[in-house]
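What follows is a short report on a single structure.
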2 protein chains.
Amino acid sequence: MPFGAEPMTLAEKAYDALRRDIVSGALKPGAPLRMAQLSDRYGMGFSPLREALNRLQAERLVTSVALKGFSVAPLSMAEMWDAKNTRILIESRALRLSIEQGGDEWEAGIVGSLHALLLQAVRGTASEADARALEARHHAFHHALLSACGSGWLMDFFQRLYVESERYRHPMLAPRPGEPARDVQAEHEALAKATLARDADLACALLADHYRRTAQWVERMMTRPGQQADPVGEPIAGSVD
Amino acid sequence: MPFGAEPMTLAEKAYDALRRDIVSGALKPGAPLRMAQLSDRYGMGFSPLREALNRLQAERLVTSVALKGFSVAPLSMAEMWDAKNTRILIESRALRLSIEQGGDEWEAGIVGSLHALLLQAVRGTASEADARALEARHHAFHHALLSACGSGWLMDFFQRLYVESERYRHPMLAPRPGEPARDVQAEHEALAKATLARDADLACALLADHYRRTAQWVERMMTRPGQQADPVGEPIAGSVD
DNA sequence: GCAAGCCGGATTTTCGAAAATCTTTGAATT
DNA sequence: AATTCAAAGATTTTCGAAAATCCGGCTTGC
């Protein structure tokens, strides 16, 4: 039996698939998730789907009302800003701890994941697979930065907030005309450099800036009406504050 | 239909019951959770139990391995210290925000919940019901302190970490001889006073101290061998009962 | 005309059994 | 004696149908 081949239950597959489709926006925020529909879409019975939905509910990706079923958790500007602020709080602490405690392996992880990220970035995001690879490497890089913090709780919160932010970023990955091209990768490089130089203050400032800018960018995209399938739930008309 | 009487599915009942039994230590850390056993204990089929377990897994109260089922999440000193530190980070921020933004209602909530907490404290924890009431009011007080922070994410993390800490505190509520009596309620009063005086620095310092002391107290209890059913590990021991 | 109450279909939730997988036992082999 | 293998038993996981509940439209009574 091949090395990493762990068994995978249907419930886990359902969890992965649902998570991906929610984060990518394929399932629109606010949309109700009907069991029959999901059963069709993913080719499985109710039981594994319900288990997945319950897990996702605990992660705030779906909501549920007692006997009315599940929905994709809605998105809102307020929530995005909240997530951004909390992210800065959590990751600043984790980054400082990592800078204090990180060893050679940690540094190697940062350098390596940054390199992989840049490679994929120049390759572009023509295909869907490329886009997914970029996202994965982006996550890996940010994870690597914090990975030496030694706190399971901080890493857990980091993961949660990362997913949340992904929901806002992903639907508008396509570059928009008239939008000043932002050199995200330069920010990543500067962040890595400050981190490896063990300059905690600078690194945290860069990190905070990085997220602030991303948030502002997302807000610009989302509040510009039309021209982009708005990722903020249509079912609930005026939920956009 | 009475006002607060929402419908409650079996899955929700299962979630509450399991959560309570895990936090209270009735289900021992590390103990495997067999479906048949749970089905007996809580008088319901597998489906609602599995849903509850999946939610609890996302909240780190239970763990699961692919085809081998669920277990109560283990406890460890390292995890406790980690939770304590993360708690201080999260709650300090939330407390500062609340102090900045809180209005009359927020203040009233603090005063009220502190009063209720003190009442129950002097009443003691003779009965099991009293102990539960004390725990509920303790939680309500800490919640009230932070409730004006305006951040859903901070409150969510607060809840998670509160539950975690409850797992460590609860098993050793019974006062121990030879242990210097600690006036926890005095700490609560000082904390409320500083908060209401809008002295953020002092309030945060008191909060951090409060948690540091609790952590030290728990560590003393848990590392003192014998004399207390140790809540750490012991895979199953008497799963018979 | 309008609120209240009640059917019928749609949907969620739960159960009980079947399918799939793991674990243990014990015999056969080296 | 130690190892391997297979069958039996135990346990988890999944399905399909039954039970419970919700939603929309309709009637009924005022």
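Note on naming: letters A, B, ... go to the chains in the order of the sequence lines (proteins, then strands), and numbering restarts at 1 for each one. These numbers were taken from a predicted model, which means no experiment stands behind them.
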Whole angstrom value for the distance that separates [atom2] of [N] from [atom1] of [X]:
X	N	atom1	atom2	result
A/Gln57	C/dT12	CD	P	14 Å
A/Lys13	C/dA20	NZ	P	13 Å
A/Arg34	D/dC22	CZ	C1'	12 Å
A/Met44	C/dA20	CE	C1'	16 Å
A/Glu12	C/dT21	CD	P	13 Å
A/Phe46	D/dC15	CZ	C1'	10 Å
B/Leu49	D/dT14	CG	P	16 Å
A/Gln37	C/dT12	CD	C1'	14 Å

Hey, does A/Ser47 reach any base, or is it just sugar-phosphate, or nothing, if we go heavy atoms under 4.0 Å?
-> base

Heavy atoms under 4.0 Å, any strand shown: does A/Leu33 hit a base, just sugar-phosphate, or nothing?
-> sugar-phosphate

Not counting sequence neighbours, which residues clear salt bridge (charged side-chain N to carboxylate O under 4.0 Å, His left out) with A/Glu219? List them please.
-> none

What residues, two or more places apart in sequence or in another chain, satisfy salt bridge (charged side-chain N to carboxylate O under 4.0 Å, His left out) together with A/Glu164?
-> none

Which listed nucleotide (C/dT14, D/dC15, D/dT21) is nearest to the side chain of A/Leu67?
-> D/dT21

Are A/Arg160 and B/Asp156 ion-paired here, with the side-chain N under 4.0 Å from a carboxylate O?
-> no

What class does the angle between the rings of B/His139 and B/Tyr162 fall in, given that below 30° is parallel, 30 to 60° is tilted and above 60° is perpendicular?
-> perpendicular

Please state whether the phosphate of D/dT21, meaning OP1 or OP2, lies under 4.0 angstrom from any side-chain nitrogen or oxygen of A/Lys68.
-> no

